[in-house]
Amino acid sequence: MSDYKSKFIEDALQIKALKFGQFTLKSGRISPYFFNMGLFSDSRSLSNVATAYAKSIIASGIEFDILFGPAYKGIPLAAITVVKLFELGGEKYANVGYSFNRKEKKDHGEGGSIVGCDLKGKKILIIDDVMTAGTAINEAFDIIKAEGGSAIGCIIALDRQETVKDSNMSATKAVSQRFGVPVLNIISFDDVIAKSKSTLTKEQLESIQEYRKKYVPSA
Ligand code: OMP
């Protein structure tokens, strides 16, 4: 596992952004673990997160004009990562822009629902936190399309490697096929387990295994 992935999981465990227990997910699934990206909220952990996103993007070689962070959680992620892309990737990323959407459209001043770079005619990389059943991310693709941009991929911190809502298809694969773009990640569920297995109790490992049986993709 690369250093930045390893560091990312270590930080997540240390600040308790990655927790084991019983959690109800957006999809209604009852999960034995939860990843709360919002707890990366101090300068050190945010700097490390930005490094992890930036290194994953640089390693992928993906070409894009704008990093788009859907409201709310994507907003700081886009801002810190675009800065880190320039710091780590240099001139190649010097002109990369960032933008985000407002949840409520503004009808005065500059108006509209996009803050930051105009998306029209631009190649957009979406940045978000977690993918489970792959539902939440659809909205970001819709916003970009409505603004005349072209979504060329998305990057998430954690790919939980689960199925979509009503079939045994992988959520990331479904998103990738639906929009014809790659779905990149910093870490996957497999990375989480590889790194934290030795610290988990027998009961925790069993409930993770039970959960996986239900939602592991077979397509
Ligand atoms: P899906 O729409 O099912 O892919 O759920 C993704 C969203 O669920 C993320 O954007 C988060 O808001 C939230 N989530 C987490 O933050 N961490 C988790 O470990 C799991 C979820 C979740 O509810 O599935």
Side-chain angles (χ1 to χ4, degrees), residues 5 8-41 45-46 49 52-53 56 67-81 100-101 103 124-144 151 153-179 181-197 200 204-205 207-217 219:
K5 289 182 187 232
F8 181 64
I9 300 172
E10 278 165 24
D11 281 357
L13 289 167
Q14 201 203 328
I15 62 179
K16 298 193 168 39
L18 186 56
K19 271 193 187 158
F20 297 88
Q22 202 184 68
F23 305 90
T24 303
L25 306 185
K26 204 171 256 182
S27 50
R29 295 174 190 178
I30 310 291
S31 170
Y33 78 102
F34 192 79
F35 181 76
N36 181 358
M37 191 96 210
L39 290 178
F40 284 81
S41 53
S45 66
L46 283 170
V49 164
Y53 273 115
S56 305
L67 193 59
F68 177 79
Y72 293 103
K73 281 193 193 159
I75 299 173
L77 300 180
I80 60 174
T81 302
F100 60 89
N101 62 301
K103 286 263 186 187
I124 321 285
L125 179 65
I126 300 165
I127 184 164
D128 212 348
D129 57 354
V130 180
M131 204 177 285
T132 303
T135 314
I137 200 82
N138 285 320
E139 201 186 329
F141 281 93
D142 291 346
I143 293 167
I144 291 165
C154 71
I155 179 156
I156 48 176
L158 171 65
D159 174 6
R160 292 180 50 112
Q161 296 178 297
E162 295 186 26
T163 56
V164 291
K165 243 180 172 160
D166 347 284
S167 88
N168 58 358
M169 188 175 191
S170 144
T172 44
K173 203 165 156 189
V175 169
S176 182
Q177 285 186 1
R178 192 178 314 134
F179 300 105
V181 300
V183 176
L184 314 171
N185 65 62
I186 301 173
I187 54 161
S188 64
F189 167 79
D190 287 340
D191 296 323
V192 170
I193 291 303
K195 185 86 185 160
S196 51
K197 203 171 181 173
L200 296 175
Q204 283 172 325
L205 285 168
S207 56
I208 289 169
Q209 218 167 16
E210 276 306 302
Y211 180 79
R212 293 295 295 163
K213 264 193 220 155
K214 278 196 207 159
Y215 301 114
V216 74

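Counting convention: from 1, in listed order, for ligands and their atoms alike.
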Would the distance check show the side chain of [X] and the main-chain N or O of [Y] forming a donor-acceptor pair, the cut-off being under 3.5 Å?
{"X": "S170", "Y": "T163", "answer": "no"}
{"X": "D191", "Y": "S188", "answer": "yes"}
{"X": "T81", "Y": "A78", "answer": "no"}

Polar proximity ligand 1 side, [X] side, N/O cut 3.5 Å exclusive:
{"X": "K26", "answer": "yes"}
{"X": "L158", "answer": "no"}
{"X": "Y33", "answer": "no"}
{"X": "F34", "answer": "no"}
{"X": "L25", "answer": "no"}

### Task
Mark up the atoms of ligand 1 that fall under 4.0 Å of a heavy atom belonging to F35, in ascending order.
15 (C), 16 (O), 17 (N), 18 (C), 19 (O)

### Message
Once you restrict to heavy atoms under 4.0 Å, what part of D129 touches ligand 1? Side chain, backbone, both or neither.
### Response
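For D129, only side-chain atoms sit under 4.0 Å from ligand 1.
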
### Which segment of R160 sits under 4.0 Å of ligand 1 when only heavy atoms are counted
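For R160, only side-chain atoms sit under 4.0 Å from ligand 1.
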
### Task
Mark the output for A171 as yes if a heavy-atom distance to ligand 1 is under 4.0 Å, and as no if none is.
no

### Query
Would you say D128 touches ligand 1, if touching means a heavy atom closer than 4.0 Å?
no

### Task
Tell me which protein heavy atom sits closest to atom 6 (C) of ligand 1, plus the residue, atom name and distance to 0.1 Å.
V130 O, 3.4 Å

### Message
Could you tell me if R178 sits above the aromatic ring of F141, with its cationic atom closer than 6.0 Å to the ring centre and no more than 45 degrees from the axis?
### Response
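Not flagged: R178 not positioned over aromatic ring of F141.
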
### Message
With a 4.0 Å cut-off on N to O distance, would you call E162 and K214 a salt bridge?
### Response
no

### Query
Under 6.0 Å from the NZ atom of K173, do we count more than 12 heavy atoms belonging to anything else shown?
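Not buried by this count: 12 neighbours or fewer within 6.0 Å.
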
